[in-house]
Asker: 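Just dropping this structure here.
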Amino acid sequence: MFKVGVFGAEGRMGSEVVKAVQGADDLEFVGGVDDDADRDRVLGADVVVDFTHPDVVMDNLEWLIGHGIHAVVGTSGFDEEKLNRVRELLAAKPGARVLIAPNFGIAAVLMMHFAQKAAPYFESTEIIELHHPNKADAPSGTAYHTAELIAQARREAGLGRMPDATTAEIPGARGADVDGVRVHALRVQGLIAHQEVVFGTDGETLKIRHDSMNRASFMPGVLLGVRRVADLPAPLTMGLEPLLDLS
Ligand SMILES: NC(=O)C1=CN([C@@H]2O[C@H](COP(=O)(O)OP(=O)(O)OC[C@H]3O[C@@H](n4cnc5c(N)ncnc54)[C@H](OP(=O)(O)O)[C@@H]3O)[C@@H](O)[C@H]2O)C=CC1
Ligand SMILES: O=C(O)C1=N[C@H](C(=O)O)C[C@H](O)C1
């Protein structure tokens, strides 16, 4: 029986995680935290799931790693600098494991995987991410990660810059530049989490679209992470891909 705690337990995602853990026969819910003053509630947990805020997640991770508690992290906002800090913290605590996944939706992971595979075949690729207006950050962690995967695939294929003759624009009109890939962020009431990757070359386009219809859809991926994190070979694992049989 794995003992599981939740950081951000009363939030949109954290409350779903609490329900999912409580509903799983092989997991025991040990406590939820929504304020760093209450972290002791999860002492004794094997794994803590963090869905909090980009501004607090690093502090949470420092505390968890320091206490030797494995972490499954869905909170967004990880760039290379933050990941390097997590690596440093883990190096000082052998045996601790951290899994950070920009998106726990299995279909979203497939969308990113297919986008990476398609990228070398197209001159142009842009990303449109669409979310609810209460989201704290832009662009989404999923869009940021997808852009990095596409940029890497383009570099490996020897592709250069994408064609773009824009010389005059209202700032922001062409979206954010993430590693050479344009990312456009929409915040629209009624939406949950959606992303479209648009590819184009002469005479052909391809669109890969993913839609999260509810937050329960993330739970199979979260529970997979909770069950597997302790046995992961590396101290830090990025993305759910290594836990799935993708090639
Ligand atoms: N990887 C994935 O698949 C997904 C990732 N996300 C990401 O998860 C994060 C949370 O999203 P969402 O659930 O919508 O956000 P919410 O704002 O609904 O929830 C965040 C929760 O964290 C709490 N919190 C704030 N500070 C701390 C702290 N120091 N320690 C513990 N809890 C704290 C908040 O409490 P209070 O309100 O009192 O401040 C709140 O209950 C975002 O970064 C989002 O992008 C979202 C969906 C899927
Ligand atoms: O805040 C959200 O809602 C989501 N955040 C994650 C992200 O930033 O990519 C995952 C999903 O898009 C939902």
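For ligands, and for the atoms within them, numbers begin at 1 and follow the listed sequence. Heavy atoms only: backbone and side chains are in, while hydrogens, waters and symmetry mates are out. Everything numeric in this text was worked out from a predicted model, so none of it was measured.
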Asker: Checking the N or O distance criterion of under 3.5 Å, is ligand 1 in contact with His132?
Answerer: no
Asker: Who else is in Ile192's hydrophobic cluster (ILVMFWY, side-chain heavy atoms under 4.5 Å, direct or via others)?
Answerer: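 Noted: Ile192 shares its cluster with no other residue.
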Asker: Regarding Glu126 and His184, is there a side-chain donor-to-acceptor distance under 3.5 Å anywhere?
Answerer: yes
Asker: Considering only the protein, which heavy-atom contact is closest to atom 33 (C) of ligand 1, and what is its distance?
Answerer: Asp34 O, 3.4 Å
Asker: Hey, which of Leu223, Val30, Val226 is the one that makes side chain to side chain contact (heavy atoms under 4.5 Å, CB included) with Val21?
Answerer: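 Testing each of Leu223, Val30, Val226 against Val21, the sole residue satisfying side chain to side chain contact (heavy atoms under 4.5 Å, CB included) is Leu223.
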Asker: Decide whether the shortest distance between a heavy atom of Lys135 and an atom of ligand 1 is less than 4.0 Å.
Answerer: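 Judged by the 4.0 Å heavy-atom criterion, Lys135 does count as contacting ligand 1.
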Asker: Taking 4.0 angstrom as the limit, do Arg155 and Asp179 come out as a salt bridge?
Answerer: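 Yes, Arg155 and Asp179 are salt-bridged.
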Asker: Considering distance alone, does some N or O of Gly74 sit under 3.5 Å from an N or O of ligand 1?
Answerer: yes
Asker: Quick one: do the Gln152 and Glu148 side chains pair a donor with an acceptor below 3.5 Å?
Answerer: no
Asker: Who's the nearest protein heavy-atom neighbour of atom 9 (C) of ligand 1, and how far?
Answerer: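 Closest protein heavy atom to atom 9 (C) of ligand 1: Thr52 O, 3.6 Å.
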Asker: Could you pull out every protein residue that has a heavy atom closer than 4.0 Å to ligand 2, ordered by chain and then number?
Answerer: Ser76, Pro102, Asn103, His131, His132, Lys135, Ser140, Gly141, Thr142, Ala193
Asker: Test Glu129 against every option in Arg187, Gln195, His210 by the side chain to side chain donor-acceptor pair (under 3.5 Å) rule and name the one that passes.
Answerer: Arg187
Asker: Quick test: of every protein heavy atom, which one is nearest to atom 30 (N) of ligand 1, and how far off is it to 0.1 Å?
Answerer: Asn60 ND2, 3.7 Å
